[in-house]
Amino acid sequence: MNGRWDLSYIYKNCQDPAIAADMEKLTALIEALRQAVAADGDTVSRLEKMVDTFEEMSAVQYRLGAYCQLTLAVDAANNDAARILDRVMLLDNDAQLAVSDMIRAIGTAEGLEDAIAASEKLQKVAFALREAQESVKHIIPKELEPWVLEMSLSGGSAFSQLRDKLDANHTASYRGESLPLSAVRGLAYDPYASVRKDAYEAEIASYSKMEVPMSYCLNSIKQEARTLAKLKGYDSVLAMTLDESRMDKETLDAMWGAIREYLPHFRRYLKAKAKYLGHENGLPFYDLFAPVGESTKVYSIEEAQEKLQQVFGAFSPEMAAFMDHAFKADWIDLYPREGKAGGAFCESMPEYDRSVVMTNFQGSFSDISTLAHELGHAWHNRCLAGLPFLLLDTPMPLAETASIFNETVLSHQALKDCSPEEELTLIESGLMEATQTVVDIYSRFLFEQKVIDTRADHAMSVDELKAAMLEAQEQSYGDGLDADIRHPYMWACKSHYYSSGLNFYNFPYAFGLLFGKGVFARYLEQGDSFIPEYCKLLRMCGSDTVANVAASVGIDVHDINFWRSSLEVIRQDIDRFCQLCEK
């Protein structure tokens, strides 16, 4: 196992003649979609032709873009991939203009419901057609859209790419050695306190080298978001994001309301961990990810794979076999290296019924949890296999369902099988992840809202951004964190702030954690008979609103009591952790 993914089934390399051929094909399909929109004829035949052409165009467009972005994710200095991506993005703009014309045509089509009823093909994508009809009121005016999209190439999209290059090539000086930022951040999980502290200090010191360009990237992307929200007729960037996420404000408010109620319990956990590690004034940031207990095992990738097989084999042999195949078929790029982006993600390749996963595995149990998380995304993609591209657009909140479900399966099974000596370690590992997904995510939401609001007046300086981040951490972590040792640069190292056209990519993680735990509770109630229902839920994630998908398994996301019930599961773990620490 060389630990690197294989993309050769897409294109052999950046010189593959198939890339140029696909670009020509994409250009032709964009024109074909324009012609389908402009064609005369009855509503049924016009809509069917538009849908067919859109599907064919989307497959080529996705293939080209994914290959370039995946290549750059693990090789930021690949100039050939960067040049190809520039050309693909120009074609993407042309494609977006054609799609906008299609949406306008759907929105003004006479007798849409009659056309859907008369066509089996249209019935399969009925949700997308109805959504398009509704979204017409928020589409950019036709006469402005070409200029907006073209300017975004030198605006938000360019700043997003710049951020990725800065991050992937950024190094920190750790104990006299220059290391990639992802590797230094990975040392936060090291069993030795001196390593964690030195790595934290090296990381914080390193940001002075890129804080100014990062601040320009962030300010520019969020100003563009404000402009687009106004242009599309939304009251705010958050309103635009919720609409695009198929989620209503009532759901978000219910979730945040429950989370605020439970923040004191998370702080109680953090203070107990701080005391266990010998700290008196709350937990210093560099010990947020410190392993706790006697079990400080470092896993090889073979041991991690064996653990996943053991746990998920007991849950679903089919899922375990799927994970095993992902390793053997080189779907996963495992280890940190210079030029590779930090963090982890999973990308679907629907045309090939496979996914690719990037991680920065260094051997902690948390790294195994990350693998389970990303392979959960891959399983979700498998459940969506065969659906039209029009129904593959899973909204951000639901996109985390399968990944969080997998993490919960892993921790639940690990706790069942562990020895008394391992219980403290495993409970703390789960709480550590939950704290990031609830408490830290809440701080990110508060911070991003502050940046967006402030951009109405001015661009925030580096010092303002650092102050805003510390204030957000105070509101979320409170006295659980040592006030003198926090992380003022969290805005610089989290890629989610910098996705052009994708704002508030924070609350979906909190939603996913708590919703995933709610779905897992249904599994515990119903047993193996629930697994087909679970897979059915995953398959419908791109075919309905968040509230309706949740309702399919009996969950009311508008009810604050649902969110309290999920948080109550975490509170029980906090109680147990505090008891174990006292012992």
Side-chain angles (χ1 to χ4, degrees), residues 188-189 252-277 279-293 365-366 369 373 400 404 407-408 411-412 415 423-449 469-487 490 494 506-518 520-521 560-582:
Y189 299 89
L252 185 65
D253 288 345
M255 183 185 75
W256 284 143
I259 284 173
R260 283 191 289 269
E261 290 179 7
Y262 277 77
L263 286 176
H265 293 293
F266 285 94
R267 293 166 184 169
R268 187 160 53 90
Y269 148 69
L270 291 167
K271 286 186 284 187
K273 180 172 181 175
K275 185 177 179 181
Y276 180 90
L277 294 173
H279 304 294
E280 296 181 356
N281 300 314
L283 195 65
F285 199 95
Y286 61 77
D287 271 350
L288 264 178
F289 308 108
V292 164
F365 185 82
S366 178
S369 184
H373 179 107
E400 295 302 318
I404 297 298
E407 285 187 30
T408 308
S411 62
H412 180 81
L415 280 169
E423 183 183 10
L424 177 64
T425 300
L426 290 173
I427 288 180
E428 198 282 324
S429 179
L431 288 175
M432 178 178 65
E433 297 295 339
T435 300
Q436 286 300 293
T437 311
V438 174
V439 183
D440 198 71
I441 286 296
Y442 184 51
S443 75
R444 297 187 215 178
F445 178 82
L446 294 172
F447 171 80
E448 187 165 355
Q449 188 66 72
M469 179 55 72
L470 290 175
E471 174 58 26
Q473 289 174 1
E474 172 61 28
Q475 292 183 58
S476 56
Y477 286 98
D479 61 358
L481 274 189
D482 187 328
D484 295 326
I485 311 176
R486 295 186 177 176
H487 199 312
M490 283 295 283
K494 291 296 180 184
N506 39 57
F507 69 78
Y509 285 96
F511 182 103
L513 173 73
L514 301 179
F515 183 66
K517 286 188 177 296
F520 186 73
I560 193 172
N561 288 316
F562 163 70
W563 302 105
R564 287 170 175 154
S565 67
S566 292
L567 286 158
E568 189 63 18
V569 174
I570 301 173
R571 185 197 64 78
Q572 291 171 10
D573 285 343
I574 291 172
D575 289 346
R576 179 59 178 157
F577 174 76
C578 292
Q579 291 171 2
L580 291 169
C581 283
E582 289 174 2

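The model shown is predicted, which means the values in this text are computed figures rather than measured ones. Reckoned from all heavy atoms, side chains included, excluding hydrogens, waters and symmetry mates.
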Student: Could you tell me whether the side chain of Leu288 reaches within less than 4.5 Å of the side chain of Phe285, counting heavy atoms only?
Tutor: yes
Student: Under 30°, 30 to 60°, or over 60°: which ring-plane class applies to His265 and Tyr262, parallel, tilted or perpendicular?
Tutor: tilted
Student: Shortest non-hydrogen contact from His279 to Gly282?
Tutor: CB-O, 3.6 Å
Student: List the residues meeting side-chain hydrogen bond (donor to acceptor under 3.5 Å, both in side chains) with Lys271, not counting sequence neighbours, and say none if there are none.
Tutor: Asp479
Student: Shortest non-hydrogen contact from Leu283 to Leu481?
Tutor: O-CD2, 3.1 Å
Student: Calculate, to the nearest 0.5 Å, the distance between atoms NZ and CD belonging to Lys494 and Glu448 respectively.
Tutor: 13.5 Å
Student: If the condition is side chain to side chain contact (heavy atoms under 4.5 Å, CB included), which residues does Ser369 pass it with, not counting sequence neighbours?
Tutor: Glu407, Leu410
Student: If the condition is side-chain hydrogen bond (donor to acceptor under 3.5 Å, both in side chains), which residues does Arg571 pass it with, not counting sequence neighbours?
Tutor: Glu568, Asp575
Student: Applying side chain to side chain contact (heavy atoms under 4.5 Å, CB included), name anything that partners Asn561, two or more places apart in sequence or on another chain.
Tutor: Asp559, Arg564
Student: Do Phe289 and Gln436 have side chains that get closer than 4.5 Å, going by heavy atoms?
Tutor: yes
Student: Looking only at heavy atoms, what is the nearest atom pair of Phe562 and Gly518, with distance?
Tutor: CE1-CA, 3.9 Å
Student: Can you list everything that forms a salt bridge (charged side-chain N to carboxylate O under 4.0 Å, His left out) with Asp253? Sequence neighbours excluded, please.
Tutor: Lys249
Student: Only counting residues at least two apart or in another chain, list the ones meeting ring-ring contact (aromatic ring centres under 6.0 Å, His included) with Tyr477.
Tutor: none
Student: As an exercise, state the distance from CD1 of Ile441 to OG1 of Thr435, rounded to the nearest 0.5 Å.
Tutor: 12.0 Å
Student: With a 4.5 Å heavy-atom cut-off, do Tyr189 and Met432 have their side chains touching?
Tutor: yes
Student: Could you state the interatomic distance from CD (Glu261) to CG (Leu567), rounded to the nearest 0.5 Å?
Tutor: 9.0 Å
Student: With sequence neighbours excluded, tell me which residues meet ring-ring contact (aromatic ring centres under 6.0 Å, His included) with Phe365.
Tutor: none
Student: Can you list the residues that meet the ring-ring contact (aromatic ring centres under 6.0 Å, His included) rule with Phe507, with sequence neighbours excluded?
Tutor: none
Student: Which residues pass the ring-ring contact (aromatic ring centres under 6.0 Å, His included) test with Tyr269, not counting sequence neighbours?
Tutor: Phe577
Student: For residues Leu513 and Tyr509, determine if any side-chain heavy atom of one lies less than 4.5 Å from a side-chain heavy atom of the other.
Tutor: no
Student: The test is side chain to side chain contact (heavy atoms under 4.5 Å, CB included); show your working for Ile259 and Leu514 and say whether it passes.
Tutor: CA-CA 10 Å; Ile259 284 173; Leu514 301 179; 4.2 Å; yes
Student: Check side-chain hydrogen bond (donor to acceptor under 3.5 Å, both in side chains) between Asn281 and all other residues, then give those that pass, not counting sequence neighbours.
Tutor: none
Student: Kindly give the heavy-atom pair with the smallest separation between Arg268 and Cys578, and that separation in Å.
Tutor: NH1-SG, 3.9 Å
Student: Kindly give the heavy-atom pair with the smallest separation between Cys581 and Leu424, and that separation in Å.
Tutor: SG-CD1, 4.3 Å
Student: Rounded to the nearest 0.5 Å, what's the gap from CE on Met469 to OG on Ser443? Could you check?
Tutor: 6.0 Å
Student: To the nearest 0.5 angstrom, please state how far the OG atom of Ser476 sits from the CZ atom of Arg260.
Tutor: 12.0 Å
Student: May I ask you to check whether Phe511 and Trp256 place their ring centers less than 6.0 Å from one another?
Tutor: no
Student: Pair Ile404, Phe515 - check side chain to side chain contact (heavy atoms under 4.5 Å, CB included), show working.
Tutor: CA-CA 8 Å; Ile404 297 298; Phe515 183 66; over 6 Å; no
Student: Does any N or O in the side chain of Thr437 come within less than 3.5 Å of the main-chain N or O of Ala510, such that one atom is a donor and the other an acceptor?
Tutor: no
Student: Compare all side-chain heavy atoms of Leu431 with those of Ile570 and state whether any distance is below 4.5 angstrom.
Tutor: yes
Student: Quick check: closest heavy atoms across Glu474 and Arg267, and the distance to 0.1 Å?
Tutor: O-NH2, 4.2 Å
Student: Could I get the full list of side chain to side chain contact (heavy atoms under 4.5 Å, CB included) partners for Ala290, not counting sequence neighbours?
Tutor: Arg196, Lys273, Leu277, Asp287
Student: Rounded to the nearest 0.5 Å, what separates atom CZ in Arg486 from atom CG in Leu470?
Tutor: 7.5 Å
Student: Name all residues meeting the side-chain hydrogen bond (donor to acceptor under 3.5 Å, both in side chains) criterion together with Gln473; count only those two or more places apart in sequence or in a different chain, and write none if there are none.
Tutor: none
Student: Would you say Asp440 and Asn506 make side-chain contact, with heavy atoms under 4.5 Å?
Tutor: no
